[in-house]
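These notes concern the structure reproduced below.
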Amino acid sequence: MGSKDAKKEEAFDAEAARSLVNDLRGRFASGKTKSCEWRVSQLKAMLKFTNEHEKDIIDALRSDLSKPMVESFITEIAMLKASCEFTLKGLKRWMMPEKVKTSITTFPSSAEIVPEPLGVVLVISAWNYPFLLALDPVIGAIAAGNAVVLKPSEIAPATSSLLAKLVGEYMDSSAVKVVEGAIPETSALLEQKWDKIFYTGNGKVGRIVLAAAARFLTPVALELGGKCPVFVDSDVNVKVMARRVIAGKWGLNNGQACVSADHIITTKDFAPKLIDALKVELEKFYGNDPLKSEDLSRIVNSNHFARLAKLLDDDKVSGKIVLGGQIESKDLKIAPTILLDVPEDSLIMNEEIFGPLLPVITVDRLEDSFRSYNLKEKPLAAYLFTNKKKLKEEFVRNVSAGGLLINDIGLHLANPHLPFGGVGESGMGSYHGKFSFDTFSHKKPVLYRSFGGDASARYPPYAPWKLKLLKALLDGSIFGIIRALLGW
C-alpha cells in the first residue's frame, strides 16, 4: 500500500509541472543562465558526456531502433558534437549587441540590437533521431541563455532514460531538466506558461502544441515533416544518383526521417533505368535478403509497423510493387520496397510514408511537375537530380519547401550556415547554427539619446513653422530643415 502511495506522490502531474516551471523561473531570474561562462560550461558538459558515453548512446539507439552503429555515429553523435563545437566557436560573437544606423528623425542618437534570452523554454523531441533531435534544440536554448526543460520521446525509451541520466549527471540540473513520460506528462507540461516551445514531430501533435501555446500567447517552433519529393532528370550520373537516393531513403533510419525521400518523380522513359539502378545498388548495400541486414534500422514499434503494412495492403497499389515488399512482423522489419506508378488517391500517396516504401511516379515532362507540386502541402524538403542549369533554376524558382537540395538527399541539414525548418504544413521557425541561437532569443532594440539636441518643435504650443520643421525632419530633407528654421 505504501509503495502505491509513493508512486502517486511521484506522478508528474500539472501541479508538479507548475512547481518545476516556478523553480526554473526563479533560477532564470537570478541571472545565472545569462552569463557567457554558464552557457559555455553547459555546452562543454554536453560535449563531454557525448564523448565519454558514445558506446552507451549507440547501444540505446540500437535498443530503440536497431540503428546501425555507423549511422548512429554519423547522424546522431557526430552531428551533435559538430553543432556544439560550432556554437561554442561563435557564441561570444553572437551575444554581442549589433550596432545599427540611426536616422535624422532621432538625431543625435545611437542604436543597437541586443539579443536576450526568452526565459524558460520547453523542448519536446522526436523518436526517430532521439539523441540528436532532443539535444540539438537544447544547444540553441542554452546558448541563448535560457533555462530549459527537455521532454524526450517515450517511443524511444532507452535513449530517453539515457538522456535523463546524462543531463542530470553532467549539466546544471537547477536550470536544465529532463522530464520523462508519455502523454500525461507532456499534457501536464503543456498546461504551463512557457516563454517558447520547440516541438519536433508530426502535424497532428503539432496542432495540439500550438493550441496549448495559444492560451498564453507562447511563441512556438514546429519542426514537422511532409511528403518530400525527389525529382529525377534523365541527365544524371545514374549510379551516383541511385546510391544517394538509397542513402537518403533507407540509409536515413530506414526511411523514418523527416527529410528522407518520400517518393520519386521522373519521366516515363527514364523510370526503367532508374529502377534498375536502384535494384543493383540496393543489393550491393543490403544483400539478397535485406530483412537479415544489420545495416537497416527496424520499424520503431508495432503501431508504425501496422500503419506501413496497411499502406502496402491497399488494393490500389496491388501489383505495383517492383522490388521488395517482404515483411517480418516479429522483428518489425520491412524490406526496401519500390512501387511504380501508384494512383494519386492511394493511401501511400496521401500521407507521409516515414518508412522503407518508395513510390516512383512517372510524368511526361519534369518541368511541368514543379508547378503542379505546389498545389500540394509544402514538404520539409524537396530534391532534384540533374545536370541541367536551367532545370536547377526552374526548380529553385518554382518549388516551395522548407529547404531544397540539388543532387543529394538530406545533406543540407548538415550545413550550420543554413536555417533548417519547414513552411506551411511542414512547420514554422528554424534552427541550426546561429539560427538556433536566434530562435531562442529576443532581439531587443535599444535607442540611446543624450539631453542635447532637444527640438522645441516637438512640443506645444504648435505653430505652422513647427509643422514645416517636423515635415522636413520626417522627410529627411536637410534643405527643408534649414528653410523651416530660417522661417522661409
Salt bridge (Lys or Arg N to Asp or Glu O under 4.0 Å): which pairs involve residues 78-91, sequence neighbours left out?
-> none

List in chain and number order the residues that pass side-chain contact (heavy atoms from CB on, under 4.5 Å) with A401, two or more places apart in sequence or in another chain; answer none if no residue qualifies.
-> P379, A382, L404

Please identify each residue that fulfils side-chain contact (heavy atoms from CB on, under 4.5 Å) with S35, with sequence neighbours left out.
-> E37, W38

How would you list, by chain and number, every residue that makes a side-chain contact (heavy atoms from CB on, under 4.5 Å) with R397, sequence neighbours excluded?
-> E393, E394

Is the distance between the ring centroids of Y431 and F440 under 6.0 Å?
-> no

Salt bridge (Lys or Arg N to Asp or Glu O under 4.0 Å) partners of residues 402-423, not counting sequence neighbours, each pair once | R244-D408

P184: side-chain contact (heavy atoms from CB on, under 4.5 Å) partners, not counting sequence neighbours = A182

Applied to residues 305-317, the salt bridge (Lys or Arg N to Asp or Glu O under 4.0 Å) test, sequence neighbours excluded, yields R307-E351, K316-D345

Are K227 and E352 close enough, and set up right, to give a salt bridge (charged side-chain N to carboxylate O under 4.0 Å, His left out), and what steps lead you there?
-> CA-CA 5 Å; K227 294 185 72 63; E352 184 178 5; over 6 Å; no

By ring pair (Phe, Tyr, Trp, His ring centres under 6.0 Å) - contacts of Y170 (at least two apart) = F49, H53

Sorted by chain and residue number, the ring pair (Phe, Tyr, Trp, His ring centres under 6.0 Å) partners of F370 (sequence neighbours excluded) come out as F231, F395

Pairs meeting criterion side chain to side chain donor-acceptor pair (under 3.5 Å) with involvement of residues 196-223, two or more places apart | R207-E425

So, the side chain of T102 versus the backbone of S110: is there a donor-acceptor pair under 3.5 Å, distance only?
-> no

Under 3.5 Å, side chain of T337 to main-chain N/O of G325, donor-acceptor pair present?
-> yes

Which residue pairs pass the side chain to side chain donor-acceptor pair (under 3.5 Å) test with at least one member in residues 118-137, sequence neighbours excluded?
-> S83-D136

Could you note down all residue pairs passing salt bridge (Lys or Arg N to Asp or Glu O under 4.0 Å) where residues 141-160 supplies at least one of them, sequence neighbours left out?
-> K151-E154

